[in-house]
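Here's the structure, in structure tokens; my notes come after.
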Amino acid sequence: MQSDRSQSNSRRSGPLAGLRVVDLTHVMAGPTCTLMLADMGADVIKIEKSPNGDDTRHSVPPKIGEEAASFLMMNRNKRGIVLDLKTEGGKQVLRRLIADADVLVENFAPGAMERLGFGYEALHEQFPALIYCSLSGFGRTGPYKHRRGFDLVAQAMSGIMSFTGERPDGPPVKCGPPLSDITAGLLASMGILAAYTHRLKTGEGQWVETSLYEAALVQTYWQSTIALAAGTAPRAMGSAHPLNAPYQAFEASDGWLVVGGANKKHWLLMLEALGASELAADPRFVTGADRMANLKVLEAVLSERFRTKSRAHWLAALDEKGVPCGPVHDMLEALSDPQTLAREMVVEVEHSTLGPVKTIGLPVKFSETPGKVLSGAPVYGEHTSEVLAEYGFDQKQIEALEKEGAIVLASGRREERVA
């Protein structure tokens with residue numbers, strides 16, 4: 001049975017308007033993938049488990065009203081329904097959604113989708129045009145395919161934690177953001193769009209998959225270059241670059257800034273801004289290779305200069321010379337920066353129970369088909385009645401599914417109005 005997309009599609013904007021995505025993901029990597037698709041216009045139907053829903057609903061504090069801020073961030077622009085896929089009714093609803101979907105995205109534990117009867121092979125036979133995307137800890141092949149994955153484990157096993165930190169003899173340090181989760185989500189969305197392009201040409205769907213482990217490994221291009229070419233394992237260097245210098249943070253008299261003075265042009269211009277042009281002839285610093293070989297001495301010499309004046313002074317002097325530079329911001333400073341606001345990277349979105357909520361904006365801009373953050377994250381089961389009605393379930397059937405425990409309906413005016 002084909003659903004009526006007209007109502008849901010009329011609310012969407014962006015280059016992916018008209019694309020229907022069944023979202024069986026939770027926590028971070030999968031929701032990042034479907035967030036990208038939703039922000040670019042896809043109609044993403046997020047299916048949460050019963051009971052309790054997505055784990056990020058319980059990642060508190062902080063909360064905004066009664067909702068977890070982490071869930072609000074990762075699930076805006078999506079419609080939310082609640083299914084118990086252990087019930088026949090829940091499976092019936094999911095089959096009907098898949099029959100009309102362009103894309104299915106899941107990040108269940110290895111083997112879970114097959115046990116539920118929704119593995120790729122079974123669905124591909126029935127729906128050959130479906131693009132089926134899986135995210136996992138280590139991928140669907142190889143000796144670790146049955147392991148569950150977390151960002152911490154991916155950062156450790158990929159080598160990232162071995163070269164992150166202040167000093168080479170220091171303890172292993174995790175990068176602050178969950179970079180393997182976020183990168184895996186971005187890679188998955190890229191893979192889906194590539195598969196969609198192929199489908200537009202051939203009509204064929206396919207299985208797209210990636211993992212946190214691979215997502216972490218692709219963050220190591222420079223360090224892998226050194227390891228593969230030189231046979232040595234890079235160690236922690238603080239904010240410094242493993243191949244270029246100076247390219248790092250320096251402390252001014254009242255705060256920290258970063259400077260990219262690594263190539264010959266920027267190196268000489270940086271010295272002019274610092275009033276240290278005599279260093280250009282210093283044999284320890286003439287070439288990039290010289291500067292890398294004498295990095296600790298270079299850091300000490302430049303740090304002494306930077307500490308003599310304020311951060312604002314150095315940023316103005318470096319910017320006037322055209323040297324890449326910037327202040328080290330905390331998150332409040334970053335989110336209120338005029339460039340952040342000018343690029344609409346912090347936006348307000350209307351939530352059905354909380355009113356206006358601030359969230360991160362769409363990082364990809366389109367001249368002809370701009371994406372947009374249109375709606376806040378769903379409350380638990382907010383769109384269950386709406387979506388089921390679109391797919392041909394009448395009121396008696398919805399009530400029967402609720403009685404079975406196959407679905408959960410949100411309480412409150414919005415769900416009652418839809419019903």
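- In this structure, Glu204 CD and Arg199 CZ are separated by 11.5 Å, a value rounded to the nearest 0.5 Å.
- Formation of a donor-acceptor pair under 3.5 Å by the Trp256 side chain with backbone atoms of Ala249 is not found in this model.
- Ser253 places a side-chain N or O within donor-acceptor distance of the main-chain N or O of Ser310, the cut-off being under 3.5 Å.
- Checked by atom type and distance alone, the side chain of Ser189 never pairs as donor or acceptor with a backbone atom of Leu37 at under 3.5 Å.
- Here the options are Thr210, Val105, Val208, Thr25, the test is side-chain contact (heavy atoms from CB on, under 4.5 Å), and the partner is Cys33; only Val105 passes.
- Remark: the Glu214 side chain and the Ser211 side chain contain an N/O donor-acceptor pair separated by less than 3.5 Å.
- Annotation: side chain of Phe71 is not in contact with side chain of Val60 (no heavy-atom distance under 4.5 Å).
- Residue Phe163 comes nearest to Pro234 through the heavy atom pair CB-O, 3.7 Å, listed as atom of the first residue, atom of the second, then distance.
- Between the side chain of Arg291 and the backbone N or O of Ala245, at least one donor-acceptor pair lies under 3.5 Å.
- Counting non-hydrogen atoms of other residues, nucleotides and ligands closer than 6.0 Å to CD of Glu209 gives a total above 12.
- Closest heavy-atom contact between Leu257 and Ala252: CD2-CB, 4.0 Å.
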Exercise. Take Glu399 and Lys396, measure what salt bridge (Lys or Arg N to Asp or Glu O under 4.0 Å) needs, and give me the verdict at the end.
Key: CA-CA 5 Å; Glu399 291 172 358; Lys396 288 185 178 180; over 6 Å; no

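- Counting heavy atoms of neighbouring residues, nucleotides and ligands inside a 6.0 Å radius, atom NZ of Lys372 does not exceed 12 of them.
- When the shell of 6.0 Å around CZ of Phe138 is examined, it contains more than 12 heavy atoms from other residues, nucleotides or ligands.
- Remark: Tyr144 OH is loosely packed, at most 12 non-hydrogen atoms of other residues, nucleotides or ligands lying under 6.0 Å away.
- How far CD1 of Ile192 is from CG of Leu187: 11.0 Å, rounded to the nearest 0.5 Å.
- Taking 4.5 Å as the limit, some side-chain heavy atom of Met270 sits within range of a side-chain heavy atom of Leu302.
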Exercise. For the pair Trp222 and His241, evaluate side chain to side chain contact (heavy atoms under 4.5 Å, CB included) and give the outcome as yes or no after the intermediate values.
Key: CA-CA 9 Å; Trp222 288 140; His241 195 285; 3.5 Å; yes

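- With values rounded to the nearest 0.5 angstrom, Glu88 atom CD is found 6.5 Å from Arg95 atom CZ.
- At least one side-chain heavy atom of Arg57 sits under 4.5 Å from a side-chain heavy atom of Glu67.
- Distance alone, capped at 3.5 Å, places no donor-acceptor pair between the Asp319 side chain and the Leu315 backbone.
- Residues Tyr120 and Met113 form no side-chain contact, since every pair of their non-hydrogen atoms from C-beta on lies 4.5 Å or further apart.
- Of the possible polar contacts, none joining the Thr340 side chain to the Ser336 backbone as a donor-acceptor pair under 3.5 Å is found.
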Self-check item: Test log, rule side chain to side chain contact (heavy atoms under 4.5 Å, CB included), inputs Trp314 and Thr308
Solution: CA-CA 10 Å; Trp314 292 125; Thr308 63; 3.6 Å; yes

Self-check item: Test log, rule salt bridge (Lys or Arg N to Asp or Glu O under 4.0 Å), inputs Arg79 and Glu382
Solution: CA-CA 8 Å; Arg79 296 195 289 166; Glu382 178 171 334; over 6 Å; no

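- Residues Leu72 and His351 meet the side-chain proximity criterion, which asks for heavy atoms closer than 4.5 Å.
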Exercise. Could you check Thr183 against Gln219 for side-chain hydrogen bond (donor to acceptor under 3.5 Å, both in side chains), going step by step and ending with a plain yes or no?
Key: CA-CA 8 Å; Thr183 304; Gln219 292 283 349; 2.8 Å; yes

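- A distance-only check finds no donor-acceptor pair linking the side chain of Asp23 to the backbone of Pro31 [under 3.5 Å].
- With His58 contributing its side chain and Asn52 its backbone, the two residues share a donor-acceptor pair below 3.5 Å.
- In terms of heavy-atom proximity, Leu318 sits nearest to Cys325 at CB-SG, 3.7 Å.
- With His26 as the fixed residue, the side-chain hydrogen bond (donor to acceptor under 3.5 Å, both in side chains) test singles out one of Thr56, Asn107, Asn75: Asn107.
- Judged by distance alone, the side chain of Arg20 and the main-chain N or O of Ile45 form no donor-acceptor pair under 3.5 Å.
- Across all their heavy atoms, Gly260 and Tyr247 have their closest contact at CA-CD1, 3.8 Å.
- In this structure, CG in Asn77 is found 9.0 Å from OG1 in Thr359, a value given to the nearest 0.5 Å.
- Here the straight-line distance linking atom CG of Leu97 with atom CG of Leu104 works out to 9.5 Å at 0.5 Å rounding.
- Contact annotation: the side chain of Asp102 never approaches that of Val21 to less than 4.5 Å [non-hydrogen atoms, C-beta and beyond].
- Between the side chains of Thr34 and Lys46, no donor-acceptor pair of N or O atoms lies under 3.5 Å.
- The two atoms that bring Thr232 and Ile226 nearest to each other are OG1-CG2, 3.7 Å, heavy atoms only.
- In this structure, Tyr213 and Met157 have side chains that are in contact, with non-hydrogen atoms separated by less than 4.5 Å.
- Open room surrounds NE2 on His146; 12 or fewer heavy atoms of other groups in view lie less than 6.0 Å from it.
- If you take CE on Met345 and CD on Gln339, they are separated by 11.0 Å, rounding to the nearest 0.5 Å.
- Of the possible donor and acceptor atoms, none in the side chain of Ser180 sits under 3.5 Å from a partner among the backbone N and O of Gln155.
- Atom NZ of Lys63 is surrounded by more than 12 heavy atoms from other residues, nucleotides or ligands within 6.0 Å.
- Arg115 forms no cation-pi arrangement with Phe108, by the criterion of a distance under 6.0 Å to the ring centre and an angle within 45° of the ring axis.
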Quiz item: Step by step, would you call Thr164 with Lys174 a side chain to side chain contact (heavy atoms under 4.5 Å, CB included)?
Solution: CA-CA 7 Å; Thr164 302; Lys174 182 180 77 69; over 6 Å; no

Quiz item: After noting the C-alpha distance and the side-chain angles of Arg235 and Asp169, does the key distance pass the salt bridge (Lys or Arg N to Asp or Glu O under 4.0 Å) rule?
Solution: CA-CA 8 Å; Arg235 307 304 295 176; Asp169 60 343; over 6 Å; no

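- Considering all non-hydrogen atoms of both residues, Arg140 and Ser134 come closest at NH2-CB, 3.6 Å.
- Heavy-atom neighbours of Glu404 CD from other residues, nucleotides or ligands within 6.0 Å: above the threshold of 12.
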Quiz item: Can you check side chain to side chain contact (heavy atoms under 4.5 Å, CB included) on Leu130 and His124, steps first, answer last?
Solution: CA-CA 7 Å; Leu130 179 69; His124 182 66; over 6 Å; no

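- Two residues are said to be in side-chain contact when any heavy atoms from C-beta on lie closer than 4.5 Å; Thr32 and Asp181 fail this criterion.
- Remark: Glu333 CD is packed, more than 12 non-hydrogen atoms of other residues, nucleotides or ligands lying under 6.0 Å away.
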